[in-house]
Structures are given as C-alpha cells and as structure tokens.
Amino acid sequence: MPDIYKHGYDNFKKMSVLFVLQIILGILPVILLLIYIGFDLFQYPVIGYVFIAIILAGAITNITVAKRYNVLLSGFRGEKSLMKTVKKLGSEYMVFSNIPVRYKKNRSEIDLLIISPTYVLIIEVKNHSGYISGKHKDEKWIQRKVYKDGKTTETEMQNPLKQLRRQRDIIKSILQSNDLDQWIETVLYFSSNSVHLYLDLFDSDNVCSSEKELLEFLRTYKPPKKADPEKLEKIKQLFKEMCQN
C-alpha cells in the first residue's frame with residue numbers, strides 16, 4: 001500500500017452543518033403550527049400570514065440546502081471510492097489527499113495527487129451517474145439520467161477537464177517557484193458504476209471510468225520526460241509540508 005497523506009476533508013464539516021440545518025428546517029413548520037394553534041393565533045389574520053410566509057421560506061430554503069448537501073455527499077462518496085482504489089497501489093507510490101493549493105490569487109483543492117518513481121499526477125474524481133456527454137473545449141457538459149418510470153432529466157455540469165487544467169497550472173507554478181520544474185499529468189476519474197461516457201476529447205485527455213482502468217493507467221503510465229529521482233524527493237517533501245499546514 002502507498003504512503004498516504006491526508007489534509008482533511010473540509011467539506012465534511014459543511015455536510016454536517018447542512019444535515020443539521022435540514023433537520024431544523026424540517027421540524028420548523030411543525031413547531032410554528034403548534035405555536036399557532038396553542039396560542040390561538042388564528043384569531044389574528046396578519047400573524048397567520050406571517051407564519052405562512054415563514055413556513056414557505058423555510059421550505060424553499062430546505063430544498064436549496066438539500067441540493068447542496070447531496071452534491072457534497074456525492075463528492076465525498078466519490079473521493080472515498082477513489083481512495084479505496086489507490087490503496088491497491090504498491091509502496092513505491094506516495095498519495096496526497098484533499099490538498100488545498102494556492103499560487104498568488106489562484107486557488108483550488110486537489111482530490112488526489114500521486115507521486116510515483118517516474119511521475120507526478122493529479123486525479124479529479126466525479127461520482128456522477130447516467131449519461132455524460134461533452135467535448136474537450138466545452139464550458140459545460142450534460143448529465144442525462146433516465147429513471148425506471150421513463151422520466152428523463154438533463155443537468156449541466158462544469159467541464160471537469162478545465163478544472164484539472166487549472167489545478168495543473170497552480171501546481172506547476174508552485175513547483176517552479178521552488179525551482180522544481182516537473183511534468184504534471186492529469187486524470188479524470190468517474191467512480192460511479194452506472195456512468196456512461198459520450199465524450200469527444202483530445203488524445204492527451206486521460207479519462208477513466210472503472211477501478212480496473214484507473215489502476216492500469218497508474219501502473220503503466222510513462223511521462224514524456226523521465227523524472228529526476230532527487231527532484232521527486234524534494235516534491236514529496238514540499239507536499240508533505242503543505243498537508244501539515
């Protein structure tokens with residue numbers, strides 16, 4: 001198993017807050033109704049309208065909160081699946097999880113960064129299911145889901161390849177600022193077993209949609225330029241320090 005360094009999962013705190021908020025917003029209408037009836041507030045129409053407005057606002061807010069929670073939960077599950085997969089790599093690999101990176105005004109969070117004896121590689125994981133379609137240069141891709149009752153939904157998602165390219169640029173800038181010029185490869189990984197990809201990509205775009213495919217890529221990938229072992233050790237140390245901050 002590789003050496004694994006985790007910075008932490010900040011979104012887990014957000015998920016906890018959103019989960020509690022959903023519970024509060026869920027019981028709020030019941031509490032307001034009990035107050036309304038218990039104190040005979042139905043005698044005052046204006047107060048009744050205010051209570052109705054508060055209940056409606058709470059319901060709308062709850063829907064928004066639930067959507068955000070589900071997005072974070074899906075991402076959390078995808079990252080857990082990815083971590084389970086990379087743990088099958090050998091001890092010659094070093095893995096950095098959930099690293100916040102920043103260079104000047106540019107910042108992001110890396111799902112996973114892997115340093116092998118020959119390369120440095122960024123993995124972005126998506127736990128989307130359904131049919132994903134898009135092109136290399138598109139700003140957004142389309143996620144289409146078909147349900148058992150025949151209902152079909154389509155939603156847009158940001159092109160994750162653009163996110164990966166931005167992350168790679170930040171990492172390269174950080175390394176260059178430390179006199180560590182190094183080729184950085186990127187991989188987009190769809191972790192759901194029920195995803196179907198219809199993507200028009202460049203040959204240089206690395207996309208995997210199964211654990212077997214990802215592991216095969218990580219074990220056989222050869223960078224365009226052979227990495228300097230001494231430089232890789234310095235890069236490892238740099239990211240270890242970043243994980244501790």
Side-chain angles (χ1 to χ4, degrees), residues 1-19 68-101 108-132 141 143 145 157-161 163-168 170-171 184-197 199 201 205-223 232 235-236 238-245:
M1 190 172 78
D3 286 335
I4 297 176
Y5 295 85
K6 296 182 180 180
H7 182 270
Y9 190 74
D10 292 338
N11 283 338
F12 187 78
K13 297 178 181 178
K14 297 178 183 178
M15 288 168 54
S16 300
V17 172
L18 292 175
F19 181 76
R68 179 57 181 163
Y69 174 79
N70 288 331
V71 169
L72 292 178
L73 180 61
S74 177
F76 179 65
R77 288 173 174 169
E79 291 181 21
K80 284 188 67 177
S81 173
L82 175 58
M83 182 59 69
K84 181 180 178 182
T85 297
V86 298
K87 283 182 177 179
K88 297 180 180 181
L89 295 171
S91 58
E92 67 272 24
Y93 294 84
M94 184 170 287
V95 174
F96 298 89
S97 174
N98 300 120
I99 312 174
V101 292
S108 186
E109 183 174 291
I110 308 297
D111 285 346
L112 216 66
L113 185 138
I114 295 179
I115 302 178
S116 82
T118 59
Y119 64 74
V120 178
L121 181 146
I122 299 171
I123 302 179
E124 173 69 21
V125 60
K126 297 297 180 185
N127 196 39
H128 293 66
S129 59
Y131 300 84
I132 309 294
W141 290 357
Q143 178 189 22
K145 289 186 176 182
M157 59 181 288
Q158 295 293 329
N159 181 346
L161 293 179
Q163 180 182 353
L164 267 172
R165 288 193 287 271
R166 183 172 67 254
Q167 292 175 347
R168 178 175 58 191
I170 294 174
I171 293 294
I184 307 293
E185 191 56 83
T186 60
V187 178
L188 174 59
Y189 175 51
F190 286 91
S191 60
S192 173
N193 293 326
S194 56
V195 69
H196 306 276
L197 304 179
L199 305 174
L201 306 177
D205 295 324
N206 304 306
V207 180
C208 299
S209 58
S210 71
E211 179 183 274
K212 180 180 179 181
E213 187 179 7
L214 179 61
L215 286 174
E216 178 69 17
F217 181 88
L218 297 177
R219 288 166 175 161
T220 61
Y221 172 74
K222 295 181 179 179
L232 286 179
I235 294 174
K236 289 178 183 179
L238 178 63
F239 281 106
K240 285 181 183 179
E241 294 172 359
M242 292 173 63
C243 281
Q244 293 171 356
N245 295 332

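All values below come from the heavy atoms of this structure, side chains included, with hydrogens, waters and symmetry mates left out.
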Worksheet item: Taking the side chain as C-beta and beyond, is there a heavy-atom pair between Val125 and Leu112 under 4.5 Å?
Response: no
Worksheet item: Could you state the interatomic distance from CG (Leu199) to CG (Leu188), rounded to the nearest 0.5 Å?
Response: 8.0 Å
Practice prompt. Output yes when a side-chain donor or acceptor of Asn206 lies under 3.5 Å from a complementary backbone atom of Thr186, and no otherwise.
Written response: yes
Practice prompt. Taking the side chain as every heavy atom from C-beta outward, state whether Arg165 and Leu161 have any pair of such atoms under 4.5 Å apart.
Written response: yes
Discussion item. Looking at Glu92 and Ser116, would you say the former's side chain and the latter's main chain have a donor-acceptor pair under 3.5 Å?
Written reply: no
Worksheet item: Looking only at atom types and distance, does a side-chain atom of Tyr5 sit under 3.5 Å from a main-chain N or O of Met94, one as donor and one as acceptor?
Response: no
Discussion item. Can you give me the closest heavy-atom contact between Pro160 and Lys126, atom names plus distance?
Written reply: CB-CE, 3.8 Å
Practice prompt. Would you check if Leu214 and Leu82 make a side-chain contact, meaning some heavy-atom pair closer than 4.5 Å?
Written response: yes
Worksheet item: Which heavy atom of Thr118 sits nearest a heavy atom of Pro223, and at what distance?
Response: O-CG, 3.1 Å
Worksheet entry | Within-4.5 Å side-chain heavy-atom neighbours: Val187 and Cys208 | yes
Discussion item. So, taking the atom named CE in Met242 and the one named CD1 in Ile110, what distance separates them when rounded to the nearest 0.5 Å?
Written reply: 8.0 Å
Worksheet entry | Gap between atom CD1 of Ile184 and atom CD1 of Ile170 - 0.5 Å precision | 12.5 Å
Fill in: Reference residue Leu215; test side-chain contact (heavy atoms from CB on, under 4.5 Å); the match among Glu213, Lys212, Arg219
Arg219
Worksheet item: If every non-hydrogen atom of Glu185 is compared with every non-hydrogen atom of Tyr221, which pair is closest and at what distance?
Response: OE1-OH, 2.7 Å
Item to complete: Kindly give the heavy-atom pair with the smallest separation between Ser129 and Gln143, and that separation in Å.
Response: O-NE2, 2.8 Å
Discussion item. Any non-hydrogen side-chain atom of Ile132 less than 4.5 Å from a side-chain atom of Met157?
Written reply: yes
Practice prompt. Report the C-alpha separation of Tyr119 and Leu218 in whole Å, then their side-chain angles, then the decisive distance to 0.1 Å, and conclude whether the side chain to side chain contact (heavy atoms under 4.5 Å, CB included) test is met.
Written response: CA-CA 10 Å; Tyr119 64 74; Leu218 297 177; 3.7 Å; yes
Discussion item. On a heavy-atom basis, which atom in Ser209 and which in Leu197 lie closest, and how many Å separate them?
Written reply: CB-CD1, 3.8 Å
Worksheet item: Taking side chain as C-beta onward, heavy atoms only, is Cys243 less than 4.5 Å from Ile99?
Response: yes
Item to complete: Please round to the nearest 0.5 Å and tell me the distance separating atom CG of Leu121 and atom CD1 of Ile114.
Response: 6.0 Å
Response to the item:
Per side-chain hydrogen bond (donor to acceptor under 3.5 Å, both in side chains), Ser108 is matched among Gln167, Glu124, Gln163 by Gln167
Item to complete: Please examine the side chains of Ile4 and Val95, heavy atoms only from C-beta on, and report whether any two atoms are closer than 4.5 Å.
Response: yes
Worksheet item: Taking atom OH of Tyr189 and atom OG of Ser210, what is their separation to the nearest 0.5 Å?
Response: 6.5 Å
Worksheet, complete the sentence: The reported gap from CG in Leu113 to CG in Asn98 (rounded to nearest 0.5 angstrom) is 11.5 Å
Worksheet item: Are the side chains of Lys87 and Tyr93 in touch, meaning some heavy atoms are under 4.5 Å apart?
Response: no
Worksheet item: Should the ring pair Phe190 and His128 be called parallel, tilted or perpendicular, given that the plane angle runs from 0 to 90° and is split at 30 and 60?
Response: perpendicular
